[in-house]
A.B. asks: 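One structure, as C-alpha cells, below. Some questions next.
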Amino acid sequence: MHQVADEPAEPATTIRAGDLEVGIIDDGGSGVPLVLVHGGESDRTQYATLRSHLDPGIRAISYDQRDSGITVNPPVPYTMGDLADDLAALLDALGLQRAHLLGTSFGGAVVQHTALRHPERVASLVLIATTPSFALCPPNVGELFDMSHDDRQKAVRDFFVTPEGQAELHNRAAQTLTYRDPDKADRRHDAARPHEVRDRLGEITAPTLIVHGTADLLAPYSAALLMRERIPNARLRSIEDGRHAIAMEFAKPIAGYIGEFLGVPAT
C-alpha cells in the first residue's frame, strides 16, 4: 500500500462486497454518503487531501477497485460495467440504498457506467477531470499506460499539476500512483480503453456536477463541455489553467463546490 508523504496513514480495513474483499476507508456516521472512486493508477488513499476539506456532515467513503490497494479479486479480465456492478455491490455491503458518487479520471468513467446501469442507486454524480470516452483522450494517455511504474511517476508531474502547484506539492501528486504488477496494470488498462458513453449521456438522470481544469492534458476540457451539454441535469465548474490532479491541487475550492452541490458546506 502506497502512502503520500506528509499525509496521514489511512486504516487498512476491508469489507465483503459481492465476490470481492474490498479495501475501504469509511468516515462512518450519519452524514450524507459520498463514495469517492479513485483514478486508474491510484487507490483508496488518493483522496486524503480532498477528504481533509470536506465538511463533517459528509460521510466520505473511498474504496479500492479491482487490482487496486488491498482489494482481493480473481485474476480475470473485467469491464467498466463490472466495476460499476462492484460499486453497486459495495453500496449493498454498506447498507446504502442510494449514495452520491464522486469519480476522478478513470473513476469518473466508473461512476458514469454506474449511473447508467444502476440509476436507482445514484443520488448524484460529481465528475472530476474525466471523460465520457477514452477515444477523446490524447495519445499521451496510451504512452503513460505503456511506461513502467517508475517512469510513469517521473512523467506525470507536468500532466498532473500546474507549474505554480508543483512548487507547493513537490512530487505528492505523482506519489498517488500506486504500483501494480504487469498483469494487474494490463487488466486496468484493458478496462479503460473501450470506455464509450457519449451517445448515452442523455440517459443519466442523476443531478451532476462536473469539475474540470481548462488545461487538463489527459482528459481534455472539451470532454467536460460535451458532458455538460448532453447530461440533462448537469452543471460545470471550471478550474482555470487546472491540470489533471485538480482534486488535490485545488482541493479546498472543489470541496466547497461539492458541499454546495450536496447542500453541505465545506470546512
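Each residue takes its place number in the sequence, starting with 1. Here the structure is a predicted model, which is why all the values come from computation and not from measurement.
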A.B. asks: Could you walk me through whether Thr162 and Glu249 pass the side-chain hydrogen bond (donor to acceptor under 3.5 Å, both in side chains) test, one step at a time?
C.D. replies: CA-CA 8 Å; Thr162 65; Glu249 184 176 357; 2.4 Å; yes
A.B. asks: Kindly compute the distance separating CG (Leu225) from OG (Ser238), expressed to the nearest 0.5 Å.
C.D. replies: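 Rounded to the nearest 0.5 Å, the CG-OG separation comes out at 7.0 Å.
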A.B. asks: Specify whether His149 and Tyr179 have parallel, tilted or perpendicular ring planes, treating 30° as the upper limit for parallel and 60° as the lower limit for perpendicular.
C.D. replies: perpendicular
A.B. asks: Taking Glu260 first and then Arg235, would you say they form a salt bridge - that is, a charged N and a carboxylate O separated by under 4.0 Å?
C.D. replies: no
A.B. asks: Find the distance between CG (Leu136) and CE (Met227) and round it off to the nearest 0.5 Å.
C.D. replies: 9.5 Å
A.B. asks: Checking Gln65 side chain against His38 main chain: does a donor-acceptor pair fall under 3.5 Å?
C.D. replies: yes
A.B. asks: Taking the basic N atoms (NZ, or NE/NH1/NH2) and the acidic carboxylate oxygens, is any pair closer than 4.0 Å for Arg117 and Asp85?
C.D. replies: yes
A.B. asks: Measure across Ile70 and Gly23 and return the closest heavy-atom pair with its distance rounded to 0.1 Å.
C.D. replies: CG1-CA, 3.5 Å
A.B. asks: Within this structure, what is the OG-CD1 distance for the pair Ser124 and Ile204, rounded to the nearest 0.5 Å?
C.D. replies: 12.0 Å
A.B. asks: Would you find a donor on one side and an acceptor on the other, under 3.5 Å apart, between the side chain of Ser148 and the backbone of Asp151?
C.D. replies: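 Side chain of Ser148 to backbone of Asp151: a pair is present.
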A.B. asks: Scan side-chain atoms only and decide if Asp216 and His244 contain a donor-acceptor pair under the 3.5 Å cut-off.
C.D. replies: yes
A.B. asks: Would you name the heavy atoms of Ala135 and Glu196 that are closest together and state the gap between them?
C.D. replies: CB-OE1, 4.4 Å
A.B. asks: Could you see if Val72 belongs to whatever hydrophobic cluster contains Val22? Use Ile, Leu, Val, Met, Phe, Trp, Tyr and a side-chain cutoff under 4.5 Å.
C.D. replies: no
A.B. asks: I need the minimum non-hydrogen distance between Leu217 and Phe159, along with the two atoms involved.
C.D. replies: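 Looking at all heavy atoms of both residues, the shortest contact is CB-CD2, 3.6 Å.
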A.B. asks: Which atom names give the shortest non-hydrogen contact between Arg187 and Val76, and what distance separates them?
C.D. replies: CD-O, 3.2 Å
A.B. asks: Quick one: do Asp82 and Arg66 make a salt bridge, cutoff under 4.0 Å?
C.D. replies: no
A.B. asks: Heavy atoms only: give me the nearest Leu177-Arg152 pair and the separation to one decimal.
C.D. replies: CD1-CG, 3.9 Å
A.B. asks: Taking the inter-plane angle between the rings of His195 and His113 on a 0 to 90° scale, is it parallel (under 30°), tilted (30 to 60°) or perpendicular (over 60°)?
C.D. replies: tilted
A.B. asks: Is the backbone N or O of Gly40 less than 3.5 Å from a side-chain atom of Arg188, with the two atoms forming a donor-acceptor pair by type?
C.D. replies: yes
A.B. asks: Supply the atom-to-atom distance Asp55 CG to Ile258 CD1, rounded to the nearest 0.5 angstrom.
C.D. replies: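 Result: 12.0 Å between the selected atoms.
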A.B. asks: Near Asp181 CG, under 6.0 Å, is it more than 12 heavy atoms from other residues, nucleotides or ligands?
C.D. replies: yes
A.B. asks: Are the charged groups of Asp64 and Arg44 less than 4.0 angstrom apart, N to O?
C.D. replies: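 Yes, charged N to carboxylate O under 4.0 Å.
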A.B. asks: Could you report the tightest heavy-atom contact between Ile61 and Arg51, atom names first, then the distance?
C.D. replies: C-NH1, 4.1 Å
A.B. asks: Examine distances only and state if a side-chain atom of Thr130 and a backbone atom of Ser105 form a donor-acceptor pair shorter than 3.5 Å.
C.D. replies: yes
A.B. asks: Per the ring-ring contact (aromatic ring centres under 6.0 Å, His included) rule, which among Tyr78, Phe106, Phe145 passes with His189?
C.D. replies: Phe145
